2 protein chains.
Amino acid sequence: MPHTNAQPLIDLGVLSGQIGHALRRAHAAVFQDFAATLEAESIRPAQHSVLEVLRASPGLRQAQVAAALGIKTTNFVPLFDALEAAGLAERRAISDDRRARGLFLSDRGAAMLDRLRAGVAAHEARFAARLGTDGKLLLLGLLARLQDPAFD
Amino acid sequence: MPHTNAQPLIDLGVLSGQIGHALRRAHAAVFQDFAATLEAESIRPAQHSVLEVLRASPGLRQAQVAAALGIKTTNFVPLFDALEAAGLAERRAISDDRRARGLFLSDRGAAMLDRLRAGVAAHEARFAARLGTDGKLLLLGLLARLQDPAFD
DNA sequence: TATTGTTATACTCTATAACTATA
DNA sequence: TATAGTTATAGAGTATAACAATA
């Protein structure tokens with residue numbers, strides 16, 4: 001099976017066996033394809049994750065959403081500001097605590113996620129196909145172990 | 001087996017099954033640990049990859065090293081400038097083509113890689129341990145498939 | 001005093017366009 | 001005309017420090 005690969009076969013030394021390097025390259029490949037998928041609605045992957053979390057878990061506080069996504073609260077502020085300015089999500093008052101506000105998806109945000117659904121699923125299917133049968137589940141399991149100190 | 005997890009168990013919706021999201025989180029975890037490992041010598045992961053490639057494949061042109069690492073040549077320039085300014089690597093003239101120059105590790109760069117070797121190996125071992133027996137090889141295989149259109 | 005959110009800021013990474021000197 | 005390297009620049013992502021309002 002002929003496989004046209006433009007790479008001139010360069011020895012990368014230690015890197016070729018490094019988990020971190022392989023993760024960086026694989027993430028870059030998937031991320032680029034995903035960013036292109038989201039271009040139809042002019043949003044970025046990070047913004048898309050926030051919208052998806054709001055759909056699945058409405059009413060959370062900023063710190064909760066940020067922590068769930070591994071984003072610092074200080075960086076979350078401008079990220080969410082942009083979503084709010086675009087009318088895709090909103091901050092609403094909370095009764096108990098006047099410092100915090102609950103985050104919600106707007107109707108417009110929900111409609112956008114609906115429009116993106118097919119494209120996002122196709123993106124996911126493209127890469128799942130490359131992993132072969134059971135490959136995706138296997139990969140997700142290994143990636144989860146990398147982040148879990150319980151496996152130390 | 002009690003497993004103290006500070007996470008308040010938030011539903012991430014679609015994200016929890018997405019390859020891209022899992023890659024981003026796992027990469028962030030490994031990258032942060034690796035950056036901390038390299039702090040002893042005040043270099044960044046990207047700079048370390050360049051030095052490792054120069055050690056394994058001395059004399060390559062900039063475009064070759066950049067392509068091998070998935071870095072745009074335009075971004076490679078300031079990256080390598082910093083390494084050259086620090087005396088860790090150098091550009092040397094090539095006989096055939098006066099436009100291009102070959103890239104080499106300096107003695108100081110080689111010495112730095114030697115000093116980092118134990119720390120880098122320990123970093124790698126930490127994450128390999130989380131993956132269990134055969135887990136690392138399995139992971140590297142799956143990550144390679146993600147980047148290879150031959151598996152489409 | 002501690003917590004939630006915010007501002008300001010800086011550094012790295014990534015991306016595009018346009019230029020130079022050589023080929 | 002095409003290629004290797006470079007400059008300029010802009011946008012994301014990520015990091016720390018310090019602050020205001022509220023608890």
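Each chain gets a letter, A, B and so on, in the order its sequence line appears, and its residues count up from 1. The structure displayed is predicted, hence computed values, not measured ones. Only this structure's heavy atoms are used, side chains among them; waters, hydrogens and symmetry mates stay out.
The CZ-P distance, from B/R61 to D/dG5, rounds to 6 Å in whole Å. Straight-line distance from the CG atom of A/L79 to the P atom of D/dT14: 9 Å, rounded to whole Å. A straight line from CG of A/L38 to C1' of D/dA12 spans 14 Å, rounded to a whole angstrom. The separation between B/R91 atom CZ and D/dG5 atom P is 9 Å, rounded to whole Å. Rounded to an integer number of Å, the gap from A/Q62 CD to C/dT6 C1' is 9 Å. Rounded to whole Å, the distance from CZ on A/F31 to P on D/dA12 is 10 Å. In this structure, the CZ atom of A/R101 is 14 Å from the P atom of D/dA21, given to the nearest Å. Rounded to an integer number of Å, the gap from B/F34 CZ to C/dC13 P is 12 Å.
At a threshold of 4.5 Å between non-hydrogen side-chain atoms, the residues A/I94 and A/R61 count as touching. Between B/L105 and B/L51, the closest side-chain pair of non-hydrogen atoms falls below 4.5 Å. Using a 4.5 Å heavy-atom cutoff, the side chains of A/L146 and A/F151 are not in contact.
Ion pairing of A/D33 with A/R126 is present here, as a side-chain N (NZ or NE/NH1/NH2) and a carboxylate O approach within less than 4.0 Å.
Of the inter-residue distances, the one linking A/L138 atom CG with A/T133 atom OG1 reads 11.5 Å to the nearest 0.5 angstrom.
Side-chain contact of B/Q62 with B/R91: a donor-acceptor pair under 3.5 Å is present, judged by distance alone.
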Next item on the list: Go along nucleotides 14-22 of chain C 5' to 3' and tag each nucleotide: B for a protein heavy atom under 4.0 Å from its base, S when only backbone or sugar atoms are that close, - otherwise.
Entry: BBBB---BB
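Of all the residues in residues 41-55 of chain A, not one reaches under 4.0 Å from DNA chain C with any non-hydrogen atom.
Within 6.0 Å of CG on A/D114 lie more than 12 heavy atoms contributed by other residues, nucleotides or ligands.
The closest donor-acceptor contact from the side chain of A/Q147 to the backbone of A/L143 lies under 3.5 Å. At least one donor-acceptor pair closer than 3.5 Å links the side chain of B/Q47 to the backbone N or O of B/R44.
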